[in-house]
Protein chains: 2
Amino acid sequence: MVEHSKQLDLAFHALSDATRRGILDRLSRGPASVSELAKPYQSSLAAIHQHVQVLEASGLIVTEKRGRTRECRIAGEAVQRVENWLSERRQLWESRFDRLGRLLEGGDITKGDNA
Amino acid sequence: MVEHSKQLDLAFHALSDATRRGILDRLSRGPASVSELAKPYQSSLAAIHQHVQVLEASGLIVTEKRGRTRECRIAGEAVQRVENWLSERRQLWESRFDRLGRLLEGGDITKGDNA
DNA sequence: CGAATGCTCAACCATACACTTAAGTAACAG
DNA sequence: CTGTTACTTAAGTGTATGGTTGAGCATTCG
C-alpha cells in the first residue's frame, strides 16, 4: 500500500472542481478536443484549457496534439488507482465494523485480522 | 446518477490534502480524539482541528463531543459514494473501450449499450 | 498568399487555503 | 476553588487557485 502522496494530492484536487468533473464525465464517453470540452461552459477557452492542464498533470487524462487540435482522453488506470485508495480505507473500516459486530454478539474477536 | 455536486466538491477537496488523508487513514482503523489524530503531525492542534472540521463538513467523517474530548469516526457510506462516482465514470470509459475493441476486431458495435 | 481556427502563454486580480499564535471555554482532578 | 487537559475560536499571513483579457503561434482553408 504505497503512498503516492503527490499524485493523490493532484488527482483529488483535480476532482474537487465541478467543471473538471464535468470534463471527465464528458471524456468518459469518448475523446474530445479542448474546444469541444469548453462548449457546455460559459468560461473562456483559456480557463477550460487550464482545467485540462490540471487534469493532465493529475494523470487522470492524457492529451495529444493532433494538427492544431489537442485530443483529450480519460486515463482509466489513474481513475482506478484513486478508486482503489478509497476502497482500501473503506474496506478496512468495514472489517473493523464487522469485528465490532461480532464482539457485540459475544463472538471471538481474535478471529478477525490484526488489532 | 444524481449530481450531488456540492458534496463531491467538499469530499474531493477534503481528500486532496495528505494530512487529511492521513487522518482518514488513522480513522479507518478506529475512532480517535482530535489530539490523538494530531499526534503524528508537527502542526498545531488548531490546524488539525481545522482539518477535522473540513473532513466533517465533507461528510467523510462524523464527530461527537464526549465530555471534553471529541470522538471522530470515519463515515463509510460517504466514502462509498465518492468511490461510486469514480467507479461509474471508469466503467463507462471501459465499456466504451470494449466496444472500440470489438469494432477493431470487426465485431458488431451495436451490441454494446447506447452510443 | 492571407484569413480563420484552435490552442497556448502571460499578466493580473479576487478569493480561498493551510497554517500560525493567542486567547477563550468546558470538563475533570486534586 | 485551582489547575490541567482538550478542544474551540479569532485574527493574521503567505501562497495557491480559478478566473479574466489580450497577445502569440502553428495549422488548415480558400
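Protein chains get the first letters and strands the later ones, always in sequence-line order, with residue 1 at the start of each.
Residue A:Ser35 is in sugar-phosphate contact alone, with no base atom involved, counting any heavy-atom pair closer than 4.0 Å across all strands shown. Residue B:Thr69 is in sugar-phosphate contact alone, with no base atom involved, counting any heavy-atom pair closer than 4.0 Å across all strands shown. Backbone-only engagement by A:Ser43 is indicated by non-hydrogen atom pairs under 4.0 Å involving sugar-phosphate atoms exclusively.
Distance A:Glu71 CD to D:dT27 C1': 17 Å, rounded to the nearest Å. Distance CD1 (B:Ile48) to C1' (C:dT20): 13 Å, rounded to an integer number of Å. Rounding to whole angstrom units, CD of residue B:Gln50 and C1' of D:dA6 are separated by 16 Å. Computed from coordinates, the A:Arg70 CZ to D:dA26 P distance equals 14 Å when rounded to whole Å. Atom CD in B:Glu56 sits roughly 13 Å away from atom P in D:dC7 (whole-Å rounding). Look at CG on A:Leu55: it is 14 Å from P on D:dT17, rounded to the nearest Å. Following rounding to the nearest Å, B:Leu37 (CG) and D:dC7 (C1') show an atom-to-atom distance of 12 Å. Whole-Å rounding puts the B:Leu45 CG to C:dC19 P distance at 13 Å.
The side chain of B:Arg68 approaches D:dT4 more closely than any other nucleotide in the set D:dT4, C:dA4, D:dT20. Between C:dA22, D:dG18, C:dA18, one nucleotide has an atom nearer to the side chain of A:His51 than all others, and that is D:dG18. Comparing atom distances between the B:Val34 side chain and each of D:dC7, D:dT9, C:dA18 picks out D:dC7 as nearest. The side chain of B:Asp17 lies closest to C:dC19 when the candidates are D:dG22, C:dT21, C:dC19.
In this structure, B:Lys65 reaches the D:dT8 phosphate: one of its side-chain N or O atoms is under 4.0 Å from OP1 or OP2. The side chain of A:His49 places no N or O atom within less than 4.0 Å of a non-bridging phosphate oxygen (OP1 or OP2) of C:dC7. Between B:Ser33 and D:dC7 there is a side-chain polar atom (N or O) within less than 4.0 angstrom of OP1 or OP2. An OP1 or OP2 oxygen of D:dC7 is reached within less than 4.0 angstrom by no side-chain nitrogen or oxygen of B:Arg66. A sub-4.0 Å separation between OP1 or OP2 of D:dT17 and a side-chain N or O of B:His13 is absent.
Between A:Arg73 and A:Glu71, at least one side-chain nitrogen of the basic residue sits less than 4.0 Å from a carboxylate oxygen of the acidic one, meeting the salt-bridge criterion. Ion pairing of A:Glu64 with A:Arg70 is absent here, as no side-chain N (NZ or NE/NH1/NH2) approaches a carboxylate O to less than 4.0 Å. By the 4.0 Å N-to-carboxylate-O rule, A:Arg81 lies too far from A:Glu83 to be salt-bridged with it.
In summary, the side chains of A:Ser87 and A:Gln91 do present a donor paired with an acceptor at a separation below 3.5 Å, with no hydrogens or angles considered. Using modelled atom types, one finds no donor on one side chain facing an acceptor on the other under 3.5 Å when comparing A:Arg21 with A:Ser16.
A:Arg20 and A:His13 make their closest contact through NH2-O, 3.2 Å (heavy atoms, listed as atom of the first residue, atom of the second, distance).
Residue whose closest nucleotide on DNA chain D sits further toward the 5' end, between B:Gln53 and A:Ser16: B:Gln53.
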